[in-house]
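First the structure, in the form of structure tokens, and then the observations on it.
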Amino acid sequence: MLDIDPTGILVRYNVKLEDELNPDEIARELFPQDVLLSKIVEAVFEGDEDEVIITLKDAVEAGKDPISLIDDALMVGMDIVSQLYEDGNLFLPDVMISSHAMTDGIEYCKQISGKTHESKGTVVSYVVEGDIHDIGKKILIVLLKANGYDVIDLGSDVSTDEVINAVLKYKPIMLTGTSLMTTTMYSFMEVNNCLLENGIHIPFICGGGAVTQDFVMNYELGIYCEDAAVVPKIADMILENKNIDELREQFHVH
Ligand code: B12
């Protein structure tokens, strides 16, 4: 008889073992050490909208900055949900419930951030046609507003015509586009071409899970960055009259 450990074979063929951790246990291992942050992360993971607000309130009262809590806690919770969903440990309804809880949390942070609003300029933001993933865009908008920009939020599943009309109407310093799906991101190219046809040469910042720098480099106005937190810095540099080449030089990975 060969001396073989069967657990090794089961793991290799992705067969779940009886003593495997359940989703709650896997998630808990990923929670942050900080107790206040961990409670917010747990509330997002559980999809408990009331608890998200209660735990955010506790953290703010304890001195945490509401805008930082978006990145340090709400995003962490959503990342854990995303990871477990992709690994097959959670289902789509779980993701939807958590994403609603996260959205409520973002709104709360936005309301109490207390940053005074002195508009530095207008930005138009949207999620591409056919795509309803709008959490990243919501974060982006909170960060832009917190940094003094007026944002025209066109929402999600937005057609090229709607984007161009909004740009013509509001004359923003830049346009941001989000796409989470490989099937939808091709409309960035169409928007780019329509902007050029209308004689509009504003930076078109593109991001979201499906998008890559190589893809964005294919169109003239495109600037890519991975993290929404960088977008206010790009806006600040546009106000310093940096052109698209200079912005690519500064923010693209070389
Ligand atoms: C939450 C979620 C949903 C929620 C969306 C809720 C909502 N209101 O947004 C629900 C459950 C509704 C959903 C539905 C679907 N989903 Co979904 N979803 C996700 C999931 C798990 C997380 C996305 C998310 O919100 N992440 C958290 C946010 C904060 O991250 P983010 O959006 O990427 O934003 C960050 C950055 O990308 C960046 N960013 C975002 N925008 C911008 C813009 C600029 C300018 C810049 C610079 C940066 C930037 O900054 C943010 C923070 O740093 C992803 C998996 C994943 N890991 O991405 C799948 C995922 C995106 N979904 C997917 C799919 C296929 C679908 C469905 C088609 C499922 C179905 N069979 O029905 C539908 C799509 C319906 C549609 N027409 O759009 C696929 C897409 C695959 C692909 N590559 O094309 C993914 C990747 C899951 C997978 N691995 O299969 N989904």
Side-chain angles (χ1 to χ4, degrees), residues 23 27 30 41 44-45 47 49 67-107 109 123-144 147 149 151 153-159 163 172-188 191-192 202-213 215-216 219 221-235 237-238 247-248 250-253:
L30 302 170
V41 171
V44 172
F45 176 74
E49 297 168 12
I67 296 296
S68 306
L69 287 174
I70 295 177
D71 252 5
D72 298 345
L74 294 173
M75 278 273 296
V76 176
M78 199 62 215
D79 279 348
I80 293 173
V81 173
S82 303
Q83 196 178 316
L84 265 70
Y85 171 65
E86 279 173 24
D87 294 345
N89 289 304
L90 288 179
F91 299 101
L92 204 56
D94 301 313
V95 179
M96 290 177 81
I97 293 166
S98 289
S99 72
H100 286 144
M102 162 139 186
T103 304
D104 283 6
I106 294 172
E107 282 304 314
C109 291
V123 176
V124 169
S125 295
Y126 79 105
V127 178
V128 291
E129 190 159 22
D131 196 336
I132 58 163
H133 296 92
D134 63 354
I135 299 177
K137 175 186 63 69
K138 283 184 177 149
I139 293 174
L140 176 71
I141 291 175
V142 171
L143 298 175
L144 279 167
N147 281 278
Y149 291 92
V151 184
D153 180 4
L154 302 181
S156 50
D157 187 14
V158 183
S159 71
V163 177
I173 60 161
M174 68 183 201
L175 171 67
T176 80
T178 297
S179 173
L180 269 276
M181 298 196 294
T182 40
T183 44
T184 53
M185 64 183 188
Y186 291 91
S187 68
F188 283 148
V191 167
N192 174 85
I202 52 169
F204 179 23
I205 327 299
C206 299
V211 188
T212 63
Q213 182 172 306
F215 179 74
V216 175
Y219 41 93
L221 304 172
I223 293 164
Y224 171 78
C225 67
E226 196 178 316
D227 190 351
V230 180
V231 177
K233 295 188 191 111
I234 300 182
M237 294 198 74
I238 292 170
L247 294 171
R248 283 181 169 180
Q250 173 86 27
F251 293 101
H252 280 190
V253 178

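First listed ligand is number 1; within each ligand, the first listed atom is number 1.
- Residue, atom and distance of the protein heavy atom nearest to atom 25 (O) of ligand 1 are Ile135 CD1, 3.4 Å.
- Residue contacts with ligand 1 for Thr103 are absent, since no atom lies close enough (heavy atoms, distance under 4.0 Å).
- Proximity to Asp131 (heavy-atom distance under 4.0 Å) selects the following atoms of ligand 1: 78 (O).
- With respect to atom 6 (C) of ligand 1, the closest heavy atom belonging to the protein is Ser99 OG, 3.6 Å.
- Not a single donor-acceptor pair under 3.5 Å links the side chain of Glu129 to the backbone N or O of Ser187.
- In this structure, the side chain of Asp131 does not engage the main chain of Thr184 through any donor-acceptor pair within 3.5 Å.
- Separating the SG atom in Cys206 from the OH atom in Tyr224 is a distance of 10.5 Å, to the nearest 0.5 Å.
- Between the side chain of Asp157 and the backbone N or O of Gly130, at least one donor-acceptor pair lies under 3.5 Å.
- Remark: ligand 1 atoms within the under-4.0 Å shell around heavy atoms of Thr182 are 82 (C), 83 (N), 84 (O).
- The shortest heavy-atom distance from Gly177 to ligand 1 is under 4.0 Å.
- Around atom 17 (Co) of ligand 1, protein N, O or S atoms at less than 2.8 Å comprise His133 NE2.
- Considering both main-chain and side-chain atoms, Asp79 never comes within under 3.5 Å of ligand 1 through any nitrogen or oxygen pair.
- Of the protein's heavy atoms, none falls inside 4.0 Å of atom 85 (C) of ligand 1.
- For atom 71 (N) of ligand 1, no protein non-hydrogen atom is found at a distance below 4.0 Å.
- With hydrogens left out, the protein atom closest to atom 26 (N) of ligand 1 is Ser82 OG, 4.2 Å, a heavy atom.
- Of all atoms in ligand 1, listed by their number and element, those nearer than 4.0 Å to a heavy atom of Ile139 are 29 (C).
- Ligand 1 lies less than 4.0 angstrom from a heavy atom belonging to Gly209.
- Taking the side chain as every heavy atom from C-beta outward, Phe251 and Val230 approach each other to under 4.5 Å.
- When hydrogens are left out, the protein atom nearest atom 29 (C) of ligand 1 is Met75 SD, 3.4 Å; that is the closest non-hydrogen contact.
- Regarding atom 7 (C) of ligand 1, its nearest protein heavy-atom neighbour is Asp134 OD1, 3.4 Å.
- In this structure, His100 has no heavy atom closer than 4.0 Å to ligand 1.
- Shown here, atom 54 (C) of ligand 1 is out of close reach of the protein: none of its heavy atoms lies under 4.0 Å off.
- Atom 42 (C) of ligand 1 lies below 4.0 Å from at least one non-hydrogen atom of the protein.
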What side-chain donor-acceptor pairs closer than 3.5 Å can you find for residues 77-84, not counting sequence neighbours?
from  : atom 1 : to    : atom 2 : distance (Å)
Ser82 : OG     : Met78 : O      : 2.8

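- Of the candidates Cys225, Gly208, Pro93, Ala228, the one placing a heavy atom closest to atom 37 (O) of ligand 1 is Gly208.
- Remark: ligand 1 atoms within the under-4.0 Å shell around heavy atoms of Met78 are 1 (C), 27 (C).
- By the criterion of a heavy-atom distance under 4.0 Å, neither the backbone nor the side chain of Ala210 is placed next to ligand 1.
- Asn192 places a side-chain N or O within donor-acceptor distance of the main-chain N or O of Leu221, the cut-off being under 3.5 Å.
- Around atom CD of Glu226, no more than 12 heavy atoms belonging to other residues, nucleotides or ligands sit under 6.0 Å away.
- With a 4.0 Å cut-off on non-hydrogen atoms, Val231 touches ligand 1 through its side chain and not its backbone.
- Phe45 is not listed as a side-chain neighbour of Leu30, based on a closest heavy-atom distance of 4.5 Å or more.
- Between Leu74 and Ile106 there is a side-chain heavy-atom pair separated by less than 4.5 Å.
- Inside a 4.0 Å radius of atom 67 (C) of ligand 1 there is not any protein heavy atom.
- Side-chain contact between Lys137 and Ile141 is present, with heavy atoms from C-beta onward closer than 4.5 Å.
- In terms of protein heavy atoms, atom 34 (O) of ligand 1 is closest to Gly136 CA, 3.4 Å.
- Ranking protein heavy atoms by distance to atom 57 (N) of ligand 1, first place goes to Glu86 OE2, 2.6 Å.
- The nearest protein heavy atom to atom 79 (C) of ligand 1 is not closer than 4.0 Å.
- Considering backbone and side-chain N/O atoms, Ile205 never comes within less than 3.5 Å of an N/O atom of ligand 1.
- Within the 4.0 Å cut-off (strictly below), a protein heavy atom is located near atom 16 (N) of ligand 1.
- Between Gly177 and Phe204, the closest heavy-atom pair is N-CE1, 4.0 Å.
- Taken from CD1 in Ile135 to CD1 in Ile70, the straight-line distance is 12.0 Å, to the nearest 0.5 Å.
- Looking only at side-chain heavy atoms (C-beta outward), Tyr219 and Val191 stay at 4.5 Å or farther from each other.
- By the 3.5 Å distance cut-off applied to N or O atoms, Tyr85 is not counted among the residues near ligand 1.
- Every N/O-N/O distance between Leu140 and ligand 1 stays at or above 3.5 Å.
- Below 4.0 Å from some heavy atom of Ile132 lie the following atoms of ligand 1, by number and element: 7 (C), 8 (N), 9 (O), 12 (C), 75 (C), 76 (C), 78 (O).
- Among protein heavy atoms, atom 38 (C) of ligand 1 sits closest to Glu226 O, 3.2 Å.
- Salt bridge absent: Asp153 and Lys138 never bring a charged side-chain N and a carboxylate O closer than 4.0 Å.
- Counting heavy atoms from C-beta on, the side chains of Ile238 and Ile234 come closer than 4.5 Å.
- The closest side-chain heavy-atom distance from Ile173 to Tyr149 is below 4.5 Å.
- Geometrically, ligand 1 and Asp227 share a nitrogen or oxygen pair separated by less than 3.5 Å.
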